[in-house]
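Sequence lines set the chain letters: A, B, ... in the order given, protein chains first and strands last, and positions in each chain run from 1.
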Protein chains: 2
Amino acid sequence: MEQEITDILKQSQLSITDNRLKILKLFQNNDKALSHADIEKLSGKHFDRVTIYRTLQTFVDKGIIHTIPTADNSIMYALCKEACSEGHHHDDHVHFLCDKCGTTYCLDNVNIPAVNIPKGFSAHQTNVLVNGVCKNCK
Amino acid sequence: MEQEITDILKQSQLSITDNRLKILKLFQNNDKALSHADIEKLSGKHFDRVTIYRTLQTFVDKGIIHTIPTADNSIMYALCKEACSEGHHHDDHVHFLCDKCGTTYCLDNVNIPAVNIPKGFSAHQTNVLVNGVCKNCK
DNA sequence: TAAATTTTGCAACCTTGTTGCAAACCAATA
DNA sequence: TATTGGTTTGCAACAAGGTTGCAAAATTTA
């Protein structure tokens, strides 16, 4: 598992640093999306705020994680599945936000339904965000 | 039309003030969603930043406008249709963000498609955000 | 019109995110 | 393993976006 993580970094041609290993591990240990603030807390304030911002940005650029648009306007990050690569995200899944515990999940098995767009508009990407109550809070 | 606007405020039990009339008029004159910054510009910097924030919050609370989650994480606001009331938003329409001009539209006539949610989750509201090119930019 | 209530503007503050730069670190090579 | 070169980190400072407390101004009610 430690091995897995270093492999991810190597495949993306990133140096192996404590910071990156730790943040990647956080994503693997949680099956939910994390915000910058979550990571700051979970990492025990061991790393600088700026470093965390830059690491997340790097991971997004390399296709390791993706961002999730949320209704309350905070940026959430989650691990990408195999299909993503540098500069090309393919996160065609639904995101679910629990109104009770605030957890954001990637519903990887739920496909984005087709949406009818009016004449004159052309669609490029579709984000679906569902609010409700999650399996742990019901 | 001036009349219409004061009626909206009265129905929501809000005092009629220059500020509220002007901001409501801005929404009626634009068929697109507006950000706080847009309103600050459009109102000719006549009102204080704080007043605009508070007015928008009041309008959201009263069900006059609704917020739109955007991928780039800025809050957008748009007029609600009749169905909304205090504390109960029913903005079950698709939002469209043009990648070229940055305009956000409410596609009122496009219904939210049904989304299959996994066992254990219960959906309450669904937001659909489509990116692409709008009718004016194609 | 006067009193009571609501709204506004100001100042100060907080949070979130960014930039420049020197020091620390990592990886590659000898 | 020591050295070198490029990358990453932490610090300080900054900027944008948003909030809060409070007194003054405007609106509503009577």
Side-chain angles (χ1 to χ4, degrees), chain A residues 2-3 5-26 33-62 64-65 67-77 86 102 104, chain B residues 2-3 5-26 33-62 64-65 67-77 86 102 104:
Chain A
E2 180 83 24
Q3 190 54 41
I5 296 178
T6 56
D7 282 351
I8 293 175
L9 292 177
K10 275 180 191 161
Q11 271 169 37
S12 300
Q13 301 183 292
L14 292 173
S15 337
I16 319 285
T17 68
D18 287 353
N19 170 32
R20 287 174 179 162
L21 289 174
K22 187 146 192 177
I23 292 182
L24 258 187
K25 220 180 282 181
L26 287 179
L34 300 174
S35 67
H36 176 271
D38 290 333
I39 291 167
E40 213 171 342
K41 271 181 221 129
L42 289 171
S43 68
K45 308 229 172 205
H46 199 272
F47 300 109
D48 194 79
R49 236 160 42 85
V50 179
T51 302
I52 297 176
Y53 278 116
R54 287 198 269 228
T55 302
L56 291 172
Q57 190 53 58
T58 303
F59 285 177
V60 171
D61 290 346
K62 292 293 185 178
I64 300 173
I65 60 178
T67 60
I68 304 173
T70 63
D72 72 331
N73 241 63
S74 61
I75 308 183
M76 303 293 291
Y77 301 88
E86 186 162 2
T104 301
Chain B
E2 180 82 25
Q3 190 53 41
I5 295 179
T6 56
D7 281 351
I8 293 175
L9 291 176
K10 274 179 192 162
Q11 272 170 36
S12 300
Q13 301 182 291
L14 292 172
S15 331
I16 318 286
T17 69
D18 287 353
N19 169 33
R20 288 173 179 163
L21 289 174
K22 187 143 190 178
I23 291 182
L24 259 187
K25 220 180 282 182
L26 287 179
L34 301 175
S35 67
H36 175 272
D38 291 333
I39 290 166
E40 213 171 343
K41 270 181 221 127
L42 288 171
S43 68
K45 308 229 172 204
H46 200 272
F47 301 110
D48 193 80
R49 235 161 43 88
V50 180
T51 302
I52 297 175
Y53 279 116
R54 287 198 269 228
T55 302
L56 291 172
Q57 189 54 56
T58 303
F59 285 178
V60 171
D61 291 345
K62 293 292 186 177
I64 300 174
I65 60 177
T67 59
I68 305 173
T70 63
D72 72 331
N73 240 62
S74 61
I75 309 182
M76 302 295 290
Y77 302 87
E86 185 161 1
T104 301

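Using modelled atom types, one side-chain atom of B/Arg20 and one backbone atom of B/Ser15 make a donor-acceptor pair closer than 3.5 Å. Put simply, the side chain of B/Ser12 never gets that close to the backbone of B/Leu9: no donor and acceptor are under 3.5 Å apart.
As a whole-Å value, the separation of B/Ile23 CD1 from C/dT8 C1' is 12 Å. Rounded to whole Å, the distance from CE on B/Met76 to P on D/dG18 is 12 Å. Between B/Lys41 atom NZ and D/dG17 atom C1' there is a gap of 13 Å when expressed in whole angstrom units. One interatomic measurement links the two molecules: CD of A/Gln13 to C1' of C/dA27, which rounds to 13 Å at whole-angstrom precision. Rounded to a whole Å, the CG atom of B/Leu9 is 13 Å from the C1' atom of C/dT7. One can place CD of B/Gln57 at 10 Å from P of D/dT20, the figure rounded to the nearest angstrom. One interatomic measurement links the two molecules: CG of B/Asp61 to C1' of C/dT7, which rounds to 15 Å at whole-angstrom precision. Atom C1' of nucleotide D/dG10 and atom CD1 of A/Ile52 are separated by 12 Å, given to the nearest angstrom.
Axis angle, first five pairs versus last five pairs of the helix from C/dT1-D/dA30 to C/dA30-D/dT1: 30°, rounded to 10°.
Judged by distance alone, with hydrogens and angles left aside, A/Arg49 brings a side-chain donor or acceptor within reach of the base of C/dG17, the pair sitting under 3.5 Å.
With hydrogens and angles left out, the side-chain atoms of A/Thr55 and A/Asn19 include a donor and acceptor closer than 3.5 Å. For B/Asp61 and B/Gln57, the side-chain atoms include at least one donor-acceptor pair closer than 3.5 Å.
Side chain of A/Asn19, nearest nucleotide from D/dT19, D/dT9, C/dG17: D/dT9. Closest contact between the side chain of A/Phe47 and the listed nucleotides C/dG9, D/dG10, D/dG18 involves D/dG10.
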Footprint string (nucleotides 21-30 of chain D, 5' to 3'): B base within contact, S backbone only, - free, heavy atoms under 4.0 Å = B-----SS--

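Closest heavy-atom contact between A/Met76 and A/Thr104: CE-OG1, 3.9 Å. Among all heavy-atom pairs drawn from B/His36 and B/Arg49, the shortest one is NE2-O, 3.4 Å.
Qualifying side-chain hydrogen bond (donor to acceptor under 3.5 Å, both in side chains) partners for A/Ser35, counting only residues two or more places apart in sequence or in other chains: A/Asp38.
When each of A/Ile65, A/Leu26, A/Leu56, A/Ile23 is tested with A/Leu34 by the rule side chain to side chain contact (heavy atoms under 4.5 Å, CB included), just one qualifies, namely A/Leu26.
Put simply, CD1 on B/Ile64 and OH on B/Tyr77 are 13.5 Å apart, with the number rounded to the nearest 0.5 Å.
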